[in-house]
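To start, the structure under review is shown below, and the notes come after it.
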Amino acid sequence: MATHDPDLRKELDATLQTRKELGPEYESELLESFLEKLDANVDRRVRRQLAEQQIQVARGTLPPRSAGHGREFWERFGVAAFSLVLAIPLSTVAAVHTGLPGLLVTWAGIVGVNAVHGVVRWPAPRARTDRRDGAD
């Protein structure tokens, strides 16, 4: 299970409370502000993870990336682009049916999926070998 950032949770609670006090006319500004803070939080975590990986590579405890990193870039780019395309209808459905809380959960999920995909080192797919054991 993922650990939750208590500061981010406080920000979400404050945003929701402010929305209750100010009403729906300020919803888009509040949402934009929260998403900026969420984005900054994800950026900070990704930078920290990359720095840790660079330290491990420098120490020799983590092998450097292979020459096939160009393919990895396009895979990550594809996931990011696909999630942003899906974000439009998901955001619409969430906003219409559940309002700001649903929209926040939707975007937290979108950012989370992209953050995990961007940080986790996925194993390279193994070459498929079809072996026949003799008779057809």
Side-chain angles (χ1 to χ4, degrees):
M1 173 154 260
T3 59
H4 299 288
D5 185 352
D7 293 332
L8 198 56
R9 178 67 182 176
K10 288 177 187 175
E11 281 296 328
L12 176 59
D13 291 339
T15 300
L16 293 174
Q17 186 62 34
T18 303
R19 193 249 182 217
K20 287 179 186 175
E21 293 173 5
L22 296 178
E25 57 271 4
Y26 292 98
E27 191 169 290
S28 65
E29 289 86 0
L30 291 170
L31 178 62
E32 186 175 325
S33 173
F34 178 76
L35 290 177
E36 286 174 3
K37 291 173 185 170
L38 181 63
D39 189 39
N41 185 289
V42 170
D43 284 345
R44 186 173 55 252
R45 287 182 181 190
V46 169
R47 282 193 306 272
R48 183 174 42 227
Q49 180 70 24
L50 290 174
E52 289 172 2
Q53 286 179 356
Q54 288 174 345
I55 289 170
Q56 289 176 345
V57 168
R59 289 181 181 161
T61 57
L62 182 71
R65 291 190 172 188
S66 65
H69 67 279
R71 189 178 113 207
E72 180 181 329
F73 167 79
W74 289 108
E75 288 174 359
R76 291 175 190 244
F77 178 78
V79 169
F82 185 69
S83 68
L84 288 176
V85 168
L86 285 179
I88 296 167
L90 289 173
S91 297
T92 303
V93 170
V96 167
H97 292 289
T98 61
L100 180 62
L103 193 59
L104 291 174
V105 169
T106 300
W107 273 95
I110 292 166
V111 170
V113 165
N114 280 283
V116 167
H117 190 73
V119 171
V120 173
R121 287 183 65 130
W122 302 99
R126 293 187 300 176
R128 185 175 166 196
T129 57
D130 290 332
R131 298 170 76 184
R132 295 192 178 195
D133 293 335
D136 285 322

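All values derive from a computational prediction rather than experimental measurement. We number each residue from 1, following the sequence as shown.
- Atom CG of Leu31 and atom CD of Glu36 lie 10.0 Å apart (nearest 0.5 Å).
- Hydrophobic cluster membership is shared by Leu12 and Val111, with clusters built from Ile, Leu, Val, Met, Phe, Trp and Tyr side chains linked at under 4.5 angstrom.
- Interatomic distance, CG of Leu30 versus NZ of Lys20, reported as 13.0 Å (0.5 Å rounding).
- Between Ala80 and Ser83, the closest heavy-atom pair is O-OG, 2.9 Å.
- Listed by chain and residue number, Arg9 satisfy the salt bridge (charged side-chain N to carboxylate O under 4.0 Å, His left out) test with Asp13 (two or more places apart in sequence, or in another chain).
- Counting heavy atoms from C-beta on, the side chains of Pro101 and Leu16 come closer than 4.5 Å.
- Residues meeting the salt bridge (charged side-chain N to carboxylate O under 4.0 Å, His left out) test with Glu29, sequence neighbours left out: none.
- Cluster membership for Val113 and Leu103, using ILVMFWY side-chain heavy atoms within less than 4.5 angstrom, is not shared.
- At a threshold of 4.5 Å between side-chain heavy atoms, the hydrophobic network of Ile, Leu, Val, Met, Phe, Trp and Tyr places Leu104 and Ile110 in one connected group.
- Here the straight-line distance linking atom CG of Leu100 with atom OH of Tyr26 works out to 15.5 Å at 0.5 Å rounding.
- Residue pairs meeting the side chain to side chain donor-acceptor pair (under 3.5 Å) criterion with at least one partner in residues 97-109, sequence neighbours excluded, are Ser91-Trp107.
- Considering Leu86, Leu84, Val79 in turn, Leu86 is the only one that fulfils the side chain to side chain contact (heavy atoms under 4.5 Å, CB included) rule with Phe82.
- Annotation: the span from Glu32 atom CD to Glu27 atom CD amounts to 13.0 Å, rounded to 0.5 Å.
- Under the 4.5 Å side-chain heavy-atom criterion for grouping Ile, Leu, Val, Met, Phe, Trp and Tyr, Val42 is not connected to Leu90 through any hydrophobic cluster.
- Residues Ile55 and Val46 do not share a hydrophobic cluster, defined by chaining ILVMFWY side chains whose heavy atoms lie under 4.5 Å apart.
- Not a single donor-acceptor pair under 3.5 Å links the side chain of Asp39 to the backbone N or O of Leu35.
- Taking CZ of Arg19 as the reference point, atom CD of Glu25 lies at 9.0 Å (rounded to 0.5 Å).
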